[in-house]
Amino acid sequence: MAMRPRSLRASIPRPALHIQPYSSSFRFLNQSSSPSSSTNAAGPSTDNGAGTTSKTTHFGFRTVAEDAKEDLVKGVFSAVAGKYDLMNDAMSLGVHRLWKDGFVGELDPGRRGALRCLDVAGGTGDIALRILDHARERHYDRETTVEVLDINPEMLKEGKKRFKQTMYHNTPQISFTEGNAQELDLPSNTYDLYTIAFGIRNCTSVPDVLKEAHRVLKPGGVFACLEFSKVTNPVLSTIYDQYSFSVIPLLGTILASDRESYQYLVESIRRFPPQEEFAQMIRNAGFTTGGDFEGKGGAGVKL
């Protein structure tokens, strides 16, 4: 993406699109300043009984040691990997596909030329495939590339399986890498676009993920996150709570023989910061943002 670094123009925001009760927030953000020194990735500390303290975080509604969460999350996604798309369809009545289509459509990859993209927590490859298809079908772009990174090898296997059925298989346009979003083994100032869809809430330290995203993006690069947001309508919030805690774990039992993993996924949505707090975390990592919008939103683009 060819961009001159020093002039910032905010795009005109589009009207908000509210798809309730699964209201997803789109954030389109651009690298600007250095990360704020006030960003603190550490959670609260507890005495471990040996005279020392250990940092804690949440795993759903449970409080766990920070160094334990990664393995717990790996266990969840290893368990659901083979039926992940089926369960997303069941949990959202298929609407997650519309959210992902809208997410990639707003980014409009290929419009300004070929991009080097990093799709984090993207193991099943559904965002990567949408990016490549959009660039090719809308802009005749066969040069854009996507590197899919995920901490879970079982999820990556599902993504590789999906891409074997596409024209991108065994081409330089797609690659899969196992890695940790909080400690990317990737060079700085490398990518034009960083995407993460329904993944950041599962990371142990969101601030660390954001700082790493800032580091690997080129100046002017775009960070785009698709994530669940808080349901503000009280009536819909009540309905959503009942559906989430009663129906979704039951679907996990019926379709995947795994109630606990889907109970965690529901709880992780509740523990994720509200929209305004998350937006400030992004700014603290050094990004310049456009307005905060639910559904479809605006972007700050360095021209």
Side-chain angles (χ1 to χ4, degrees), residues 16-29 57-62 69 72-73 76-77 80 84-107 119-124 126-127 130 150 152 155 181 194-207 209-210 213 223-252 260-282 289 292-297:
L17 172 65
H18 298 284
I19 306 175
Q20 298 283 10
Y22 290 85
S23 175
S24 300
S25 295
F26 293 178
R27 306 289 185 198
F28 303 101
L29 313 142
T57 187
H58 59 82
F59 176 74
F61 290 160
R62 293 164 52 192
K69 180 172 180 176
L72 290 169
V73 171
V76 167
F77 286 94
V80 305
Y84 188 67
D85 288 335
L86 171 64
M87 283 305 301
N88 279 339
D89 283 334
M91 288 167 63
S92 69
L93 304 178
V95 177
H96 75 102
R97 298 177 185 271
L98 300 179
W99 294 332
K100 291 169 182 175
D101 289 343
F103 179 62
V104 173
E106 286 289 321
L107 292 172
D119 182 35
V120 175
T124 59
D126 51 352
I127 295 296
R130 282 173 169 84
D150 201 291
N152 192 295
M155 296 290 280
Y194 176 119
T195 57
I196 184 167
F198 303 124
I200 200 167
R201 75 179 189 277
N202 298 305
C203 298
T204 302
S205 172
V206 172
V209 173
L210 295 172
F223 169 89
C225 178
L226 174 62
E227 189 52 85
F228 289 101
S229 61
K230 302 295 181 183
V231 181
T232 54
N233 182 298
V235 175
L236 289 176
S237 179
T238 300
I239 295 170
Y240 178 42
D241 281 343
Q242 292 175 346
Y243 176 77
S244 297
F245 288 100
S246 300
V247 177
I248 290 177
L250 178 61
L251 288 173
E260 289 187 2
S261 292
Y262 287 90
Q263 182 75 27
Y264 159 74
L265 293 175
V266 170
E267 293 175 0
S268 69
I269 294 168
R270 294 305 184 283
R271 293 300 302 266
F272 194 68
Q275 293 90 304
E276 298 81 4
E277 183 180 335
F278 181 44
Q280 187 57 52
M281 292 169 73
I282 294 167
T289 71
D292 299 333
F293 303 95
E294 293 188 30
K296 292 184 178 179

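Here the structure is a predicted model, which means the values were calculated and not measured.
A pairwise comparison of heavy atoms in Ser268 and Asn202 identifies OG-OD1, 4.0 Å as the closest pair. Listed here is the closest heavy atom pair of Ala224 and Phe103: O-CZ, 3.5 Å. The two residues Glu227 and Gly199 make their nearest non-hydrogen contact at OE1-N, 3.5 Å. Across all non-hydrogen atoms, the minimal contact from Ala181 to Cys203 is CB-SG, 4.4 Å. The shortest heavy-atom contact between Asn152 and Asp150 is N-OD1, 2.8 Å.
Taking the six-membered ring where the residue is Trp, Phe228 and Trp99 present perpendicular rings, their angle passing 60° and hence far from 30°. Taking the six-membered ring where tryptophan is involved, the planes of Phe278 and Phe272 are perpendicular, since the angle between them exceeds 60° and thus also 30°.
To the nearest 0.5 angstrom, Phe198 atom CZ is 9.5 Å from Asp126 atom CG. Atom CD1 of Ile248 sits about 6.0 Å away from atom OH of Tyr240, to the nearest 0.5 Å. Taken from CD1 in Ile282 to CD1 in Ile200, the straight-line distance is 6.5 Å, to the nearest 0.5 Å. In this structure, the separation between CD on Gln263 and CD on Glu267 is 4.5 Å, given to the nearest 0.5 Å. Considering CZ of Arg130 and CG of Asp119, their distance stands at 11.0 Å, rounded to 0.5 Å.
Between Lys100 and Val104, every side-chain heavy-atom pair lies at or beyond the 4.5 Å cut-off.
Taking the side-chain hydrogen bond (donor to acceptor under 3.5 Å, both in side chains) definition, one finds that Asp89 meets it with His96, Arg97, sequence neighbours left out.
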